[in-house]
Amino acid sequence: MLDYDKEADRYDATRGGEPRAVAAAAAVLALVPDAARDLLDLACGTGIVTSRLAAARPGLRVTGADAAHGMARRAAERLPGAVVRADARRLPFPDRSFDAVCAVWLLHLLDDARPVVAEAARVLRPGGVFVTTVDKAASHHVGSDIDALTAHCRAEHAEDGSERLTRYAAEHGLVPSGTALFRGHGQGRTPRRVAQYIRSGDLYAAGGPTLAERVETLPGPDVPRREPDFTLRAYRAPGA
């Protein structure tokens, strides 16, 4: 896993910058009821999406939370007084504090997403929604020449798998309430980058040096393939 304290200063530039943030925030808000008053953005990172959520809906009080000091510091520059340093698995908020909780690109990083889902459910008010990205790794499979070569060695376990998360959510009474998509600007993968993933063992379960070499010999080794479309799912808490 990345050292997010060290990544903070260059994170936005390597993750699609403002175009991706605008797209992600719009998709999140499409799943958040208009009547929502308070939203918590888990693992808010540099706050680039968090600030867009606040700007796009001025009547919504937005709070960001991130466990990494460097990320929380950058986010606080964008949203002074509205960012806390906190682990998404142990939130420093009372029960029923928020009408909406969102987590963009968090759960796929975890060995076990259940504690985060449990905390999101705990801090939601009756009728509130938990909005999260799902199936991130699968979103990168866009039917490219890279995908054709690597399909047999993709890692099977994904904590952000939509079916898995739906089961986790159901344990806390949360039920699916909608989906939305957003384009991952700047996220198209190159053969050279995927070869690095294969060698490191990240995202791919097998393949080794031979497969990495074959991927690197594809035409345009540094040319990004098609941008992925990322999926958000919303889960509604019981109640009003």
Side-chain angles (χ1 to χ4, degrees), residues 1-17 19-21 24 42-46 48-49 66-72 74 87-89 103-117 132-165 168 182-232:
M1 187 179 293
L2 292 175
D3 183 329
Y4 286 98
D5 281 321
K6 293 181 179 179
E7 285 287 314
D9 289 338
R10 68 187 193 96
Y11 188 83
D12 293 343
T14 60
R15 298 300 191 282
R20 191 269 295 179
L42 297 178
C44 67
T46 65
I48 191 170
V49 174
D66 201 281
H69 173 76
M71 291 293 195
R74 291 297 303 273
D87 188 324
R89 297 165 295 187
V104 178
W105 291 356
L106 166 62
L107 302 185
H108 71 285
L109 298 171
L110 306 177
D111 292 329
D112 186 358
R114 284 172 291 191
V116 174
V117 176
T132 181
T133 42
V134 298
D135 302 316
K136 182 177 183 292
S139 298
H140 284 281
H141 306 321
V142 296
S144 70
D145 52 351
I146 299 173
D147 298 327
L149 273 180
T150 61
H152 67 285
C153 67
R154 295 171 190 161
E156 295 182 356
H157 179 84
E159 273 299 292
D160 70 336
S162 56
E163 292 184 5
R164 184 187 304 272
L165 286 177
Y168 293 167
F182 67 94
R183 178 58 54 89
H185 297 272
Q187 301 296 293
R189 287 182 173 168
T190 68
R192 202 178 306 280
R193 173 61 63 86
V194 170
Q196 292 173 355
Y197 288 144
I198 293 169
R199 291 190 176 100
S200 68
D202 292 337
L203 305 182
Y204 296 89
T210 301
L211 179 62
E213 291 171 5
R214 290 177 62 199
V215 171
E216 280 184 321
T217 62
L218 289 171
D222 296 306
V223 176
R225 276 32 178 185
R226 184 170 68 81
E227 300 278 14
D229 288 315
F230 295 108
T231 302
L232 287 161

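Of the residues listed (K136, R164, R114), the one engaging E159 in a salt bridge (charged side-chain N to carboxylate O under 4.0 Å, His left out) is R164, and it is the only one.
The main-chain N or O of G188 is found under 3.5 Å from a side-chain atom of E227 such that the two form a donor-acceptor pair.
Residues L107 and T133 form no side-chain contact, since every pair of their non-hydrogen atoms from C-beta on lies 4.5 Å or further apart. With contacts defined as side-chain heavy-atom distances shorter than 4.5 Å, the pair R20/V49 qualifies.
Once rounded to the nearest 0.5 Å, the distance linking CZ of R192 with CG of D222 reads 4.0 Å. Summarising the geometry, atom CG belonging to L109 is positioned 8.5 Å from atom CG belonging to D160; distances are rounded to the nearest 0.5 Å. Note that CZ of R193 is 13.0 Å distant from CD1 of I198, once rounded to the nearest 0.5 Å. Once rounded to the nearest 0.5 Å, the distance linking CZ of R189 with CD1 of I146 reads 8.5 Å. To the nearest 0.5 Å, the span separating CG on D145 from CZ on R225 amounts to 4.0 Å.
Every residue meeting the salt bridge (Lys or Arg N to Asp or Glu O under 4.0 Å) condition with E216, not counting sequence neighbours, appears here in chain and number order: R199. Take S162 and apply the side chain to side chain contact (heavy atoms under 4.5 Å, CB included) test, not counting sequence neighbours, and it matches V134, D135, R233.
Contact between L165 and A113 at its shortest, heavy atoms only, is CD2-CB, 4.2 Å. When all heavy atoms are compared, the tightest approach of A67 to D87 is CB-CA, 4.2 Å. The two residues A212 and A195 come nearest to each other via the heavy atoms O-CB, 3.6 Å. When all heavy atoms of P221 and T190 are compared, the pair lying nearest together is O-CB, 3.4 Å. Across D147 and G143, no two heavy atoms sit closer than the pair OD2-N, 2.8 Å. Minimum interatomic distance between F182 and V104 (heavy atoms only, all atoms of both residues): CZ-CG1, 4.3 Å.
The local environment of CZ in R183 is crowded, with over 12 non-hydrogen atoms from other residues, nucleotides or ligands closer than 6.0 Å.
The aromatic ring centres of F230 and H140 sit less than 6.0 Å apart.
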